[in-house]
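What follows is a set of notes on a single structure, which appears directly below.
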Amino acid sequence: MSPHPNALPLSLADRTVFVAGGGSAGPGWSIGRAASLTYARLGARVCVADRDAASATETTALIRAEGGVAETFVGDVAIEDDIARLFAEAREQFGPVDVLHHNVGIGKPGGPLDTSLDDFDAAQNVNVRSLLLASRQVLPSMVERGRGAIVTISSVAGTRYLGYPHLSYCVTKAAVIQFTRMIAQQYAGQGIRANCVVPGLIDTPRIAHTVAKQFSDSLDDARAARSRQVPLQRMGTAWDVAHASAFLASDAAAYVTGTELVVDGGLTGKYV
């Protein structure tokens, strides 16, 4: 029996998803790792791309352990030669990419007077330039086939000041939002959708390395402090962001393009 026409088409069967940043900054669930597993659980063939070979391989192994289909692709998405090779390898393995999930982000805390030009340029290269390079890899085949989806990951830090200076990260994550809007408008008539997920305070391995130190020397105290900021009284999980991403990547969001899906437990609404 065929599905009821009003059934939620939340499936990625026979789709190839390229996850840029599919590893993790440390033990646990990063957004990229959770997204990779979520896409695989919906039937997609997942290209797990990361510059950390061991971490990307771990994500791939987790997918395969559940019976999913995935391959590891190792390289730096901010380097033009690397990203060309990564996508060439992905196409050779799985064919054209149906969904680009762009999930990379770096940035050192600091304002204008204590952010070095090198650190600012590094954030620009990783957070924004890499999106340009990846878009150039997937858009031609998406245009040729008349379909495709791009899901980018920004941050509420790209829309609000969250209590401490994080200039390079905030500015580049704001650029990701506008970049995604521009793709959506230019390519909507060719069957391509582009949307941005805007996470709030998410409990991922990354916070232990950077963000937590802005709140407390104790990671537990930092987590508690961040949770108190959120109307839902908890930090988000990587799965919260992954599930939002999967919706936007799927045909369930067939009429959604050029917008931002904020996943923040009500945080930004609190400060409007």
Side-chain angles (χ1 to χ4, degrees), residues 18-41 46-66 68 70-79 82 86 101-110 119 122-123 125-127 130 151-158 162 164 166 168-170 172-173 176 197-227 229-230 234-245 263-265:
F18 188 100
V19 179
S24 180
W29 292 101
S30 68
I31 292 171
R33 176 167 289 168
S36 295
L37 263 79
T38 299
Y39 290 132
R41 289 170 178 172
V46 182
C47 306
V48 181
D50 204 283
R51 62 185 179 184
D52 185 331
S55 186
T57 300
E58 182 178 351
T59 300
T60 299
L62 289 166
I63 292 171
R64 290 175 175 174
E66 295 185 353
E71 290 289 343
T72 300
F73 300 90
V74 181
D76 190 333
V77 296
I79 298 175
D82 268 21
L86 288 171
H101 176 99
H102 191 267
N103 182 86
V104 295
I106 64 169
K108 289 186 178 180
D119 286 343
N125 286 338
V126 172
N127 300 359
S130 67
V151 179
T152 62
I153 307 298
S154 180
S155 168
V156 294
L162 297 179
Y164 63 95
H166 205 177
S168 62
Y169 185 78
C170 295
T172 52
K173 284 300 184 179
V176 168
V197 180
V198 184
L201 306 182
I202 309 299
D203 193 358
T204 67
R206 178 179 172 272
I207 73 159
H209 297 291
T210 56
V211 179
K213 296 175 183 178
Q214 304 300 313
F215 291 83
S216 171
D217 291 333
S218 164
L219 182 56
D220 287 341
D221 288 347
R223 284 187 169 121
R226 281 165 65 84
S227 293
Q229 290 182 275
V230 182
R234 69 169 179 89
M235 294 173 63
T237 71
W239 299 100
D240 292 322
V241 182
H243 295 162
S245 301
V263 183
D264 72 347

Taking every non-hydrogen atom, the tightest pair across N127 and G105: OD1-CA, 3.1 Å
Nearest heavy atoms of A20 and V104, plus distance in Å: O-CG1, 3.6 Å
Any side-chain heavy-atom pair of H243 and T38 under 4.5 Å: yes
Donor-acceptor contact below 3.5 Å, side chain R33 vs main chain S55: yes
Side chain to side chain contact (heavy atoms under 4.5 Å, CB included) evaluation trace for L62 with L37: CA-CA 8 Å; L62 289 166; L37 263 79; 3.9 Å; yes
Side-chain heavy-atom pair D82, V77 within 4.5 angstrom cut-off: no
Smallest separation among heavy atoms of S168 and D119, with atom names: CB-O, 4.4 Å
Min side-chain heavy-atom separation H102-S130 under 4.5 Å: yes
Sub-4.5 Å side-chain heavy-atom contact between C47 and V19: no
I153 versus P199, closest heavy-atom pair with distance: CG2-CG, 3.8 Å
Backbone N/O of V48 and side chain of S36: donor-acceptor pair under 3.5 Å: no
Pairing of D240 and R234 as salt bridge, 4.0 angstrom limit: yes
Under 3.5 Å donor-acceptor, D50 side chain and G23 backbone: yes
Contact check, side chains of L86 and F18, non-hydrogen atoms, under 4.5 Å: yes
S24 side chain near E58 side chain, heavy-atom distance below 4.5 Å: no
Stepwise side chain to side chain contact (heavy atoms under 4.5 Å, CB included) check, L162 with V156: CA-CA 8 Å; L162 297 179; V156 294; 3.7 Å; yes
Enclosure of R51 CZ (heavy-atom neighbours >12, cutoff 6.0 Å): no
Nearest atoms (heavy-atom pairs only) where A40 meets I63: CB-CG2, 3.5 Å
V197: which of V151, N103, T152, I31 passes side-chain contact (heavy atoms from CB on, under 4.5 Å): V151
Parallel, tilted or perpendicular: rings of Y169 and H166 (30°, 60°): parallel
Centroid-centroid distance, Y39 to H101, less than 6.0 Å: yes
Close side-chain approach of W29 to T204, heavy-atom, < 4.5 Å: no
Euclidean distance, E66 CD relative to R41 CZ, rounded to 0.5 Å: 4.0 Å
Heavy-atom pair with the smallest gap, counting every atom of Q229 and L201: OE1-CD1, 3.5 Å
Residues which pass side chain to side chain contact (heavy atoms under 4.5 Å, CB included) with T72, listed by chain and number, not counting sequence neighbours: A56, T57, T60, V74
I202 side chain near V241 side chain, heavy-atom distance below 4.5 Å: yes
